[in-house]
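Starting from 1, each residue takes its place in the sequence as its number. In what follows, every heavy atom counts, from backbone to side chain, and hydrogens, waters and symmetry copies are set aside.
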Amino acid sequence: MAKRALEGIKVVEFAAFAAGPGIGKHLADHGAQVIRVESRSRPDGFRTHYPPFKDNKPGLNRSGCFSFFNNNKYSVTINLKVPGAVELAKRLVARADIVIENMTPGTIGRLGLGYQELIKVKPDLIMLSTCNQGQTGPHASHPGFGSHLSSLSGFSHFTGYPGKTPLLLYGPYIDFIGEGYGLICILAALDYRRRTGKGTFIDCAQYENGVQFLIPAMLHFTVNGKIMERMGNRHPAAAPCGAFPCQGDDQWCALSVFADGEWQALRKVMGNPSWALDPKFDTVLGRKKHEDELEEKIAGWTRLLTREDLMENLQNVGIRAGIVNTMGGLFSDLQLDHRKFWRGINHAEMGWHHYKTGSFFLTKTPPEVTMPAPCLGEHNRYVFLEVLGMAETEFEELVSRGVVE
């Protein structure tokens, strides 16, 4: 196995759900040693109430959602509210390069593990705090989740059909944008520390991360004074553009036609039906003007084809097209399989389980899946006795006091 890019880097993670653990997963996949600090008194919400669970049987170690973000990590259980627990956590931080936390702003500080406290035990520490709206400001303490941020950032305004109510994006979409920005910030901080010997504190506001992904709409308002509105699957400069029904139950293929030459190619693939020869469809402006009729006619043709045949036929003549995959379809996708995007490994309770590798692939130092997501507290003895070098008697005493759960 080739050496991975972040081997030797040590991370302590005080994080739950998606945004914080997602960053830790990227680091772990590229070789960093990531130790998750968890608690049996208040376990990660992904462990407890986010399906799917293996065989539909809930359990702390049976959540596919939790597993998705936590392979390649070690799990220790510390009850940070018990006397002596913060000191134990600091012993982990003292040997770490990076700390990641995504608690409500101020919580980590009230526990005694804020950045100013931690640099006393690790002066060159890199610490990332990622939360909804940042650590400071009038709205910093507002509670919320990824779906709230999708609305606050403006995404929900564009999601839906003209004249109808906005639609929520499924899941904590902004978390995943924050995950990408958080990873980039940490890598930049590692480079900064390599050059200067100094650590840093990173305040990653997921709200601000999400706004970055709507820059075109912001520019449209700033330059043209116009607010972009909901348009379903349509595009202001393409027609047809959308997801069209195909042969079978709930089978779809997305396609888009921008140039008039592409329309002529589509018309030919359809067999030049008489309706498509109408001059009103010859230009983008004409097709936009009669878009409802155009989509209805095209849907009548696409229903006769499988989504795979439709995609292939359109791509062969230079038209953008792609099947609408189901979640199950992603696991049989030939492209993802070729690039080894999914990696199978055995889990203690769930058995054979697939994990995704990184969203990017480094040729000389590729990401790997070497460990399944950890069971809760699975690595207590390894981390405290072997990594920290703790004596057996001290470990047992911490367990007896409830410091180590």
Is there a donor in the side chain of [X] and an acceptor in the side chain of [Y], or the other way round, less than 3.5 Å apart?
X: S39; Y: R42; value: no
X: E368; Y: T357; value: no
X: Q251; Y: R303; value: no
X: D203; Y: T136; value: no

Is the distance between the ring centroids of [X] and [Y] less than 6.0 Å?
X: F17; Y: F145; result: yes
X: F66; Y: Y50; result: no
X: W342; Y: F331; result: yes
X: F360; Y: H30; result: yes
X: H379; Y: F384; result: no

In terms of relative ring orientation, are F281 and W275 parallel, tilted or perpendicular, with 30° and 60° separating the classes? perpendicular
Going by the angle between their ring planes, with limits at 30° and 60°, are Y382 and Y74 parallel, tilted or perpendicular? parallel
Looking at [Y], is its backbone amide N or carbonyl O close enough to the side chain of [X] to form a donor-acceptor pair, meaning the two atoms are under 3.5 Å apart?
X: E308; Y: T306; value: no
X: T222; Y: M218; value: yes
X: H157; Y: M228; value: yes
X: N72; Y: T370; value: yes
X: N316; Y: E312; value: yes
X: R307; Y: T302; value: no
X: T326; Y: G329; value: yes

Would you compute the distance between atom [atom1] of [X] and atom [atom2] of [Y] and round it to the nearest 0.5 angstrom?
X: N132; Y: H148; atom1: CG; atom2: NE2; result: 8.5 Å
X: L214; Y: F155; atom1: CG; atom2: CZ; result: 4.0 Å
X: Q315; Y: M311; atom1: CD; atom2: CE; result: 5.0 Å

List the steps, then state whether salt bridge (charged side-chain N to carboxylate O under 4.0 Å, His left out) holds for D260 with R267. CA-CA 10 Å; D260 294 337; R267 198 169 60 186; over 6 Å; no
What I want to find out is whether [X] reaches [Y] closely enough, with some N-O distance under 4.0 Å, to be called a salt bridge.
X: R47; Y: D44; answer: no
X: R193; Y: D97; answer: yes
X: R381; Y: E386; answer: no
X: E262; Y: R287; answer: no

Given L92, which of V387, V383, V11, V99 fulfils the side chain to side chain contact (heavy atoms under 4.5 Å, CB included) condition? V383
Which heavy-atom pair separates [X] from [Y] by the least distance, and what is that distance?
X: S67; Y: H353; value: CB-NE2, 3.5 Å
X: F158; Y: A217; value: CZ-CB, 3.5 Å
X: A238; Y: E291; value: O-OE2, 3.8 Å
X: L111; Y: L80; value: CD1-CD1, 4.0 Å

Give the intermediate values and the outcome of salt bridge (charged side-chain N to carboxylate O under 4.0 Å, His left out) for residues D29 and R4. CA-CA 8 Å; D29 285 354; R4 288 179 287 169; 5.9 Å; no
Could you walk me through whether E179 and K25 pass salt bridge (charged side-chain N to carboxylate O under 4.0 Å, His left out), step by step? CA-CA 10 Å; E179 175 187 310; K25 171 184 162 53; over 6 Å; no
Applying salt bridge (charged side-chain N to carboxylate O under 4.0 Å, His left out) to D282 and K280, what does each step give before you reach the verdict? CA-CA 6 Å; D282 285 348; K280 67 185 180 184; over 6 Å; no
For S75, which of R36, E38, E378 qualifies under side chain to side chain donor-acceptor pair (under 3.5 Å)? E38
